[in-house]
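The sequence lines fix the lettering, A, B, ..., with proteins before strands; numbering per chain opens at 1.
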Protein chains: 2
Amino acid sequence: MNPLKISMIEDVDDIRNSVTKYISFHDEFEVQEVFSSIEDFQHHCALHPNFQADIILLDIGLPGMSGLEGISHILERLPDVDIIMLTTYEEEEVILKALCTGACSYISKKASLKQIVEAMRIVSKGGSYMSPSIAREIVNHLLGGPKQEQNSLTERQNQILKALSDGKSYRVISEELFISVETVRSHIKKLYRQLQVNNKAEAISLYLQGKIK
Amino acid sequence: MNPLKISMIEDVDDIRNSVTKYISFHDEFEVQEVFSSIEDFQHHCALHPNFQADIILLDIGLPGMSGLEGISHILERLPDVDIIMLTTYEEEEVILKALCTGACSYISKKASLKQIVEAMRIVSKGGSYMSPSIAREIVNHLLGGPKQEQNSLTERQNQILKALSDGKSYRVISEELFISVETVRSHIKKLYRQLQVNNKAEAISLYLQGKIK
DNA sequence: TGATTACTCACCCTTTAGGGTGATTGCATA
DNA sequence: TATGCAATCACCCTAAAGGGTGAGTAATCA
């Protein structure tokens with residue numbers, strides 16, 4: 001099997017050197033090009049249309065365009081490349097932005113060289129490497145964030161709100177719950193007041209964004 | 001430091017025995033109680049109001065109430081417990097459901113005992129253990145999922161759908177866009193057909209779940 | 001050039017939604 | 001025991017939503 005082609009975009013010399021040197025000890029990888037900025041990378045791509053890479057190690061704090069902004073530009077040129085973000089920040093917002101934009105792994109620079117190589121192995125097999133603390137940030141995000149206080153509704157109100165989200169009419173809901181349409185309306189009026197909204201659309205938005213219960 | 005209190009909810013004897021035995025070799029952990037179902041766990045909690053646990057290993061495929069459903073019940077009793085899901089499935093939907101409901105890690109039963117212990121260590125330090133393949137699933141989810149073909153709407157239709165999601169009426173939308181209410185209606189009728197829905201609620205659900213664009 | 005499509009608007013109609021007020025029952029709890 | 005509250009239902013009203021049909025303009029594309 002051919003060695004995987006690795007490129008790196010990182011402006012700090014020390015990190016560049018130590019990482020590339022360490023990677024070069026592994027036969028399964030081959031460090032190809034090292035760039036000091038996204039612009040540098042773009043310039044190289046313009047000059048070498050056939051340039052390919054399997055994995056790109058991308059620093060998030062670059063001079064000029066940031067690594068975060070760079071992700072989409074890289075994927076434009078190399079749609080199939082796996083991007084591993086290297087970063088000193090572990091802030092939820094930045095991490096999620098990177099992952100949503102197309103990076104597939106996210107490693108702290110505090111990680112050992114061994115961990116970086118481990119991440120490359122995982123990524124090349126179609127996985128995603130995430131350090132535990134970063135994984136936890138993501139779980140927190142999936143939970144909708146720990147801070148926002150949740151509006152809480154009664155069982156019945158929740159039942160009805162769920163049905164509304166499914167696009168059911170008051171009449172249908174009343175039939176499903178074996179109660180009168182008027183009762184359904186009554187519940188809905190109350191829950192609108194509690195959620196401080198005035199119509200279905202807003203209530204559904206809150207519900208689907210997990211801001212309720 | 002006191003050993004961490006571990007409980008397990010798992011119906012298969014073999015797995016129960018091998019996991020608890022392996023954990024017992026580690027002084028930092030102390031296997032407390034082992035349950036064979038959520039109902040079993042609830043029953044125990046009812047009898048022992050002071051029951052505590054730091055980490056719960058939870059099988060997803062349980063008789064009676066599933067592990068997935070069980071998460072919220074467990075968190076009701078033990079709001080601060082860390083839940084590690086044990087599973088044979090690696091389907092995106094199930095995984096995300098579990099993580100969104102409050103599980104903080106998700107391990108395949110194919111994982112080694114060593115990995116399970118490693119996960120417990122990470123979780124106890126406030127991290128989240130995720131196997132690479134599961135981490136990738138989550139990244140895919142954050143990306144909006146690669147497989148689901150996106151319903152694509154025109155600029156105008158998107159604009160209007162966004163406004164609908166915000167709870168704006170046809171009249172308000174027409175004023176904001178400087179067009180007639182009839183035109184707004186016309187766009188909405190078309191986009192309902194394209195999305196194969198019949199009302200606002202369903203359209204908004206699709207929109208907010210990112211199944212559009 | 002002729003077809004397609006997005007965007008615009010109009011008029012017909014019925015159903016649904018939403019706000020207000022008020023009443024009854026039953027349960028829980030102060 | 002009284003007070004509160006969830007849940008049930010009723011009647012008043014207006015506004016909004018939704019379905020059908022048809023039609024004109026401008027841009028794009030084969």
Between [N] atom [atom2] and [X] atom [atom1], what is the distance in whole Å?
X: Leu195(A); N: dG19(C); atom1: CG; atom2: C1'; result: 17 Å
X: Glu155(B); N: dC7(C); atom1: CD; atom2: C1'; result: 13 Å
X: Gln157(A); N: dA7(D); atom1: CD; atom2: C1'; result: 10 Å
X: Ile173(A); N: dG18(C); atom1: CD1; atom2: P; result: 10 Å
X: Ile160(A); N: dG18(C); atom1: CD1; atom2: P; result: 13 Å

### Task
Go along nucleotides 9-24 of chain D 5' to 3' and tag each nucleotide: B for a protein heavy atom under 4.0 Å from its base, S when only backbone or sugar atoms are that close, - otherwise.
BBBB----SBBBB---
### Query
Are Val34(B) and Glu10(B) side-chain neighbours, meaning at least one heavy-atom pair lies under 4.5 Å?
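Sidechains of Glu10(B) and Val34(B): no contact.
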### Between Gln194(A) and Gln157(A): side-chain donor-acceptor atoms closer than 3.5 Å
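Yes, side-chain donor-acceptor contact under 3.5 Å.
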### Message
Minimum heavy-atom separation for Leu195(B) and Ala203(B), please, with both atom names.
### Response
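Heavy atoms only, the tightest pair is CD1-CB, 4.4 Å.
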### Query
Does NE2 in His44(B) sit with more than 12 non-hydrogen atoms of other residues, nucleotides or ligands closer than 6.0 Å?
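It does: His44(B) NE2 has more than 12 such atoms within range.
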### Task
Run the numbers on Gln196(B) and Glu202(B) for side chain to side chain donor-acceptor pair (under 3.5 Å), then give the verdict.
CA-CA 9 Å; Gln196(B) 299 186 291; Glu202(B) 293 178 86; over 6 Å; no
### Task
Compute the bend angle of the helix from dT1(C)-dA30(D) to dA30(C)-dT1(D) from the end axes (five pairs per end), rounded to 10°.
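Answer for the end axes of this duplex: 60°.
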### Message
Less than 4.0 angstrom from a charged side-chain N to a carboxylate O is my criterion; do Glu33(B) and Lys5(B) meet it?
### Response
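Here Glu33(B) does not pair with Lys5(B) in a salt bridge, since their nearest N and O are not under 4.0 Å apart.
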### Query
Looking at CG of Asn199(B) and OG of Ser205(B), how far apart are the two atoms once the value is rounded to the nearest 0.5 Å?
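One gets 8.5 Å once the value is rounded to the nearest 0.5 Å.
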### Query
When you check the phosphate oxygens OP1 and OP2 of dT8(C), does a side-chain N or O of His187(B) lie under 4.0 Å from one of them?
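Indeed, a polar side-chain atom of His187(B) lies that close.
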### Task
Examine dA7(D): is either OP1 or OP2 under 4.0 Å from a nitrogen or oxygen in the side chain of Thr154(A)? Give yes or no.
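Affirmative; the distance criterion is met.
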Can I get a per-line list of side-chain donor-acceptor pairs under 3.5 Å for residues 184-193 of chain B, giving both atom names and the distance, sequence neighbours left out?
residue   : atom : partner   : partner atom : Å
Tyr192(B) : OH   : Lys200(B) : N            : 2.9

